[in-house]
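Let me begin by presenting the structure, written as structure tokens, before commenting on it.
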2 protein chains.
Amino acid sequence: MRTPLEKARHSPDSTKARTLRVAREIFGQYGFHGTTTRMIASEAGVDISTLYYHWGDKTDLYEAVVLDINEDLRQQLWRVEELVRGRTLAERLEMAIDQMTDYLLDHPEVSNLVLLRYFAKTRSEPICDLRVPSFVSNIARAMKLAERKGPVSAEARMQVLAIMNAIYNFISGQEFFQSIVGVDRERYVALVKSTLKFIFVPAFASDPPAAELRRCADRGTKSSTSSA
Amino acid sequence: MRTPLEKARHSPDSTKARTLRVAREIFGQYGFHGTTTRMIASEAGVDISTLYYHWGDKTDLYEAVVLDINEDLRQQLWRVEELVRGRTLAERLEMAIDQMTDYLLDHPEVSNLVLLRYFAKTRSEPICDLRVPSFVSNIARAMKLAERKGPVSAEARMQVLAIMNAIYNFISGQEFFQSIVGVDRERYVALVKSTLKFIFVPAFASDPPAAELRRCADRGTKSSTSSA
DNA sequence: GCTTTTTTCCATCATTTGATGGAGACCTTG
DNA sequence: CAAGGTCTCCATCAAATGATGGAAAAAAGC
């Protein structure tokens with residue numbers, strides 16, 4: 001409990017913390033320019049002046065949101081890494097897909113904010129960065145696409161980005177995609193997981209030497225953590 | 001040459017057409033709320049009043065941009081469909097990836113606008129829709145993930161969305177991802193294509209060398225286009 | 001209980017932004 | 001050229017938006 005941000009993270013009922021939580025949601029839904037300080041203040045049930053008192057100007061608040069998201073994402077990735085440790089590559093992938101999908105469904109503002117940061121420019125210069133670069137390398141190592149200590153190849157980074165983005169897309173695009181696919185929420189969630197596994201498992205599980213053995217041995221023993 | 005939009009599309013040097021072209025770019029970069037009519041007017045070298053004279057209010061202009069993008073995308077998808085007709089699934093996939101990647105690199109506003117429409121809400125209600133739903137079905141049929149005439153399954157639609165979005169992401173996220181991966185533009189483009197093929201070809205192609213392995217793995221499971 | 005500090009809100013300001021009216025330029029047609 | 005229409009721009013407005021000062025209220029310290 002040192003910085004104001006950490007303090008707010010740990011006192012979930014305070015006005016300041018509630019404001020930050022609402023700011024995450026609304027910045028995630030409407031993007032930086034699509035969000036007004038009044039929207040956040042009114043949604044949080046706070047006077048707009050109180051918002052400025054706690055968080056400084058709009059840019060400062062946005063920066064706080066990004067840092068907050070960064071921290072949540074780091075913790076979640078670490079949890080997943082622990083969980084999959086020691087499993088085979090295919091198992092690691094399937095479990096990571098299930099875990100990240102469930103996590104992001106509970107916190108859609110995380111993927112919203114990440115994606116909007118990738119794709120939408122800001123009129124003023126960017127403020128503080130997501131920690132994506134180091135996340136990507138860590139995931140590549142955890143997935144054993146790269147050696148544990150050495151540098152991570154460009155190919156491995158691209159593959160990790162492809163996986164992460166595929167998950168983010170299905171989460172943040174849920175409303176849009178669900179209507180395109182024409183299913184209800186429950187079925188959509190199941191489809192997200194099964195589609196991701198359908199796509200990524202063959203790519204990563206089929207070219208190492210053990211592929212043949214795995215494919216024939218694993219018959220009928222697909223992921224036990226999958227809800228599909 | 002009937003509607004104003006079509007007219008503008010075909011007279012590329014007119015003030016009106018130039019304004020639309022600039023609007024595509026800027027709406028694509030900054031999103032709806034991040035874009036001001038003054039940004040578009042000044043970038044197009046036009047008085048802001050002239051912009052309103054030609055295109056009505058901001059929402060009307062945005063709608064025109066979306067329709068314009070829709071038409072471009074439809075044409076491009078049709079070109080690709082013709083090109084890949086008669087090839088094997090793996091070939092179709094690889095060619096489509098190459099073609100769409102090159103096309104979108106030349107017109108990044110297309111994928112920018114599509115992605116921002118997926119992921120960013122607008123304060124006012126949405127105006128007119130992308131034609132994504134029908135595009136998705138057509139692609140699924142062209143790729144022969146679905147029967148040519150029948151309905152397209154939810155699984156096939158999700159797979160098509162995954163492919164399209166993966167391409168869009170690498171194009172629109174280029175600036176961000178290129179710095180993460182640490183390569184120059186040329187190498188990035190090559191990596192996009194090779195990574196996309198690395199990921200998607202194994203999932204869909206049962207014909208290449210891996211065919212027997214896949215059959216072995218799939219024995220006793222559902223259809224080859226649906227994962228459990 | 002009184003002082004000090006922290007927090008909240010009302011009123012208000014300055015700028016940005018969407019939008020328009022009207023004067024003039026330009027262009028076409030006869 | 002004259003008349004009518006089309007296009008462009010200057011000046012300007014009204015609303016939305018980011019931001020602040022200062023009074024009141026609440027909380028903390030003693």
Side-chain angles (χ1 to χ4, degrees), chain A residues 1-23 26-27 29-65 120-127, chain B residues 1-8 10-23 26-27 29-66 120-127:
Chain A
M1 287 230 193
R2 305 288 310 286
T3 74
L5 181 58
E6 285 174 49
K7 202 170 167 189
R9 283 176 62 87
H10 292 85
S11 318
D13 289 338
S14 71
T15 294
K16 185 171 183 179
R18 182 160 26 91
T19 305
L20 182 67
R21 201 158 6 98
V22 170
I26 301 194
F27 274 129
Q29 290 178 325
Y30 296 92
F32 182 80
H33 291 298
T35 300
T36 70
T37 50
R38 280 170 176 81
M39 288 165 70
I40 299 173
S42 104
E43 182 73 22
V46 188
D47 187 273
I48 186 178
S49 204
T50 305
L51 183 153
Y52 281 94
Y53 170 76
H54 281 302
W55 295 108
D57 66 19
K58 187 185 179 184
T59 301
D60 293 334
L61 175 56
Y62 183 70
E63 183 173 356
V65 165
K121 273 192 193 167
T122 309
R123 249 131 63 193
S124 41
E125 279 310 293
I127 314 115
Chain B
M1 285 230 194
R2 304 291 309 288
T3 74
L5 181 58
E6 287 175 47
K7 201 171 166 188
H10 292 85
S11 317
D13 288 338
S14 71
T15 293
K16 186 171 182 179
R18 182 159 27 93
T19 305
L20 183 67
R21 203 161 0 102
V22 170
I26 302 195
F27 274 129
Q29 291 179 325
Y30 295 93
F32 182 81
H33 291 298
T35 300
T36 69
T37 50
R38 280 169 176 81
M39 289 165 70
I40 298 173
S42 105
E43 182 73 21
V46 186
D47 187 272
I48 186 178
S49 204
T50 304
L51 184 153
Y52 282 95
Y53 170 77
H54 281 300
W55 295 106
D57 66 19
K58 187 185 179 185
T59 302
D60 293 334
L61 175 56
Y62 183 70
E63 183 173 355
V65 166
V66 170
K121 272 192 195 168
T122 309
R123 248 131 64 193
S124 42
E125 278 311 293
I127 313 114

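Please read these numbers as outputs of a predicted model, since none were measured by experiment.
- Nearest approach of Thr35(A) to Lys58(A), heavy atoms of both residues: O-NZ, 2.8 Å.
- Within residues 30-41 of chain B, the residues having any heavy atom closer than 4.0 Å to DNA chain C are, in order of number, Thr35(B), Thr36(B), Thr37(B), Arg38(B).
- Pairing each heavy atom of Thr15(B) with each of Thr50(B), the nearest pair is CG2-CG2, 4.2 Å.
- Closest approach of Val46(A) and Leu51(A) over heavy atoms only: CG1-N, 4.4 Å.
- The 5' end of DNA chain D is approached more closely, in terms of each residue's nearest nucleotide, by Thr50(B) than by the other of Thr50(B) and Asp57(A).
- In this model, the phosphate group of dT7(C) is not approached by any side-chain N or O of Thr15(A) to a distance below 4.0 Å at OP1 or OP2.
- Between the NZ atom of Lys16(B) and the C1' atom of dC26(C) there is a distance of 18 Å, given to the nearest Å.
- Of all heavy-atom pairs between Trp55(A) and Asp60(A), the closest is O-CB, 3.1 Å.
- Remark: Tyr52(B) is in phosphate contact with dA19(C), judged by side-chain N or O atoms under 4.0 Å from OP1 or OP2.
- A sub-4.0 Å separation between OP1 or OP2 of dT6(C) and a side-chain N or O of His54(A) is absent.
- The nearest whole Å value for the distance from the CG atom in Asp47(B) to the C1' atom in dG18(C) is 14 Å.
- Remark: C1' of dA14(D) and CD1 of Ile48(B) are 14 Å apart, rounded to the nearest angstrom.
- Spacing between atom CH2 of Trp55(B) and atom P of dC7(D) amounts to 12 Å, rounded to whole angstrom units.
- Of all non-hydrogen atoms in Val65(B) and Leu20(B), the two that sit nearest each other are CG2-CD1, 3.8 Å.
- Between the side chain of His33(B) and the main chain of Gly31(A), no donor-acceptor pair closer than 3.5 Å is present.
- Note on Tyr53(A): a side-chain N or O is less than 4.0 Å away from OP1 or OP2 of dT7(C).
- Between Lys58(A) atom NZ and dT20(D) atom C1' the separation is 17 Å, expressed in whole Å.
- Computed from coordinates, the Arg123(B) CZ to dA15(D) C1' distance equals 12 Å when rounded to whole Å.
- As a whole-Å value, the separation of Arg18(A) CZ from dT7(C) P is 14 Å.
- Taking each heavy atom of Ala41(A) and Ile48(A) in turn, the nearest pair found is CB-CA, 3.7 Å.
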